[in-house]
Every structure is written in structure tokens, then in C-alpha cells.
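Every value quoted in this text rests on a predicted model; they were computed, and no experiment measured them. In what follows, chains are A, B, ... by sequence order, proteins preceding strands, each numbered from 1.
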Amino acid sequence: MSGSSSEQLLEFFEALLAAYGPQHWWPGQTPTEIVVGALLTQNTNWKNVERAIARLRQADLLDWRRLHEIESDRLAEVIRPAGSYNVKARRLKNFVVWLFDRFDGRLEALAEMPIEEARAALLTVNGVGRETADAILLYALGRPVFVVDAYTARVLWRHRLIDDDAGYDQIKEFLESALPVSAALFNEYHALLVEVGKRHCRPRPQCEGCPLERFEHHATATGRSAAAADDS
DNA sequence: GACCAGGCACATC
DNA sequence: GATGTGCATGGT
């Protein structure tokens, strides 16, 4: 066996960063745009989300007040390239209405309260699940929360760092307790896990050339998708 | 033509 | 509490 989980996770991070470099997820974008992107990217290719965001910008809709005012049907038409546009228009509206009702349209309010409180508040919004809530906290608000997704779970399971039945919150807590608490680190690490996951850790793994190939791992991967279960 | 993508809510067992 | 399904576009 090699060292502790903490050491192993840091070694993985170094290996991934050396191989792929910084991923620059959500660089230079406004918190508003990041929140919108987090909602639009649900089960959707990022390229399609970029198209939808470009259309929103074109329509001058990357603004909470404008989003609050617009009709859901018209919003759906604008974000069409993101797919599932009727559902996503509803979710965007849910979020914006909630933001005005509860925080007077001030996203910053979420940066001013304890993390767990902000997370619990976000989770009350219909359309905001754990991954989206955590993406908002980390990428839009710079709070040190680890975003777990299907790739995160699969990569960590393949390298024997988590059980195959670990739930979302369990994986999140494992990462947050094993790593230095740093938004910058969590940001980069999550993006790197997605990158290595896409290239090498699909349900059918392609280990050749994987930056993590030299580390211990299961010979085969299951088709395990994400952190499905609740673990409270 | 399948299969996938930076999920989630809801129904059903 | 686990599993299945609809949402829907655009790339490979």
C-alpha cells in the first residue's frame, strides 16, 4: 500500500496537473453567468451551453433582473441549444424568483452566510441538486466546496479511494477532509478529474496513456454512474 | 443510428 | 431507499 488518502490525492492532483495543465473552468466570467451555466450544463455537453449563453448575452439576459422579468417561454427559446430547454427555463426562473424572494436578487448574500447554510438554501430550489449547488458555491462564489460528479466517483473508485456504494455527500466529505481546504485547489482538481474521466475513465476504461495509470487501480470498471444514493 | 454530455425531479416498486 | 424515466440539443 502507498501512503494516506491525503498523500495519494495530492499525488493524483500533481500528476493530472502535470499532464493537462490548469483547466480554467469558468475563467473571467461573472457569478451570474456561472450560475446560469451551472443550471444549463445539467446532463449537457458544455459546447451547447456556451451557445445558449452566447444567445443570452446577445439578448442582454445575463442579468438577474432581466431574467426575472422575462417570460419562461421566451427564455426557453433563447436557451434552446442547451437542450431540455423547457425544463431548464423553468429551473432558471425558479432560481431567479427564489433569489429575489429570499435575497432581494443579491447573489452575494450566499457568500455572506455559513457554507452549510448557503448549501441548504440552494438545495430548496427546484432544479438545484447537490452537484449544481456545489458548483455554484465553488465556481460562482469561491467557497471551498468539492464538486462531485460521475467522473469523480468513477476515478476515485477505480483507484480504490472510495467504495463503489459511496454516496454523493460521502465522497464530498472524504475529499474535503483529506485535502487542504482551498477553493482554488477544489476548483482545479474537479476540472482535472472531469478531464481524465472523459479521456480514460468512461464506463469502459481506456487506460493507455492515462496520467494515473501508474497508480494502483481496479483492472476493470463497473458501469457505476454517479453518487446516486442519499447518505444522510 | 446509437451514444454521450460538467443532473434533476418525479413516479414507482 | 433504490431504481427507472423524461427532458432534448448537437457532436462523435
Donor-acceptor pair, side chain of K88(A) and main chain of A82(A), under 3.5 angstrom: yes
Test item: R80(A) side-chain N/O and A76(A) main-chain N/O as donor-acceptor pair under 3.5 Å: no
Nucleotide-resolved protein contact map, nucleotides 4-12 of chain C, B/S/- at heavy-atom distance under 4.0 Å: ---SBBSS-
Please report the distance, rounded to the nearest Å, between [atom1] in [X] and [atom2] in [N].
X: E131(A); N: dA5(B); atom1: CD; atom2: C1'; value: 11 Å
X: F95(A); N: dA9(B); atom1: CZ; atom2: C1'; value: 18 Å
X: Y168(A); N: dA2(C); atom1: OH; atom2: P; value: 18 Å
X: L40(A); N: dG7(B); atom1: CG; atom2: C1'; value: 12 Å
X: L92(A); N: dC8(B); atom1: CG; atom2: C1'; value: 14 Å
X: D169(A); N: dG1(C); atom1: CG; atom2: C1'; value: 15 Å
X: E188(A); N: dG6(B); atom1: CD; atom2: P; value: 16 Å
X: Y189(A); N: dG6(B); atom1: OH; atom2: P; value: 19 Å

Pairwise P distance for dG6(B) and dT3(C), with rounding to whole Å: 25 Å
Qualifying residue, where the test is ring-ring contact (aromatic ring centres under 6.0 Å, His included) with W64(A) and the options are F100(A), F103(A), F95(A): F95(A)
Y151(A) side chain near dA5(B) phosphate (N/O to OP1/OP2, under 4.0 Å): yes
Which residue lies more 5' along DNA chain B, comparing Y139(A) with G127(A) via nearest heavy atoms: Y139(A)
Distance-only donor-acceptor check, side chains N94(A) and R91(A), under 3.5 Å: no
Closest heavy-atom pair and its distance - P144(A), A183(A): CB-N, 3.8 Å
Could you go through residues 114-123 of chain A and list every donor-acceptor pair under 3.5 Å that involves a side-chain atom there, pairing it with any protein atom two or more places apart or in another chain?
{"from": "R119(A)", "atom 1": "NE", "to": "D134(A)", "atom 2": "OD1", "distance (Å)": "2.6"}
{"from": "R119(A)", "atom 1": "NH2", "to": "D134(A)", "atom 2": "OD2", "distance (Å)": "3.1"}
{"from": "R119(A)", "atom 1": "NH2", "to": "D169(A)", "atom 2": "OD1", "distance (Å)": "3.2"}

Atom CZ of R106(A): over 12 foreign heavy atoms under 6.0 Å: yes
Sugar-phosphate, base or nothing in reach of V49(A), heavy atoms under 4.0 Å: nothing
W25(A) over dG6(B), stacked by centroid distance under 5.5 Å, angle under 30°: yes
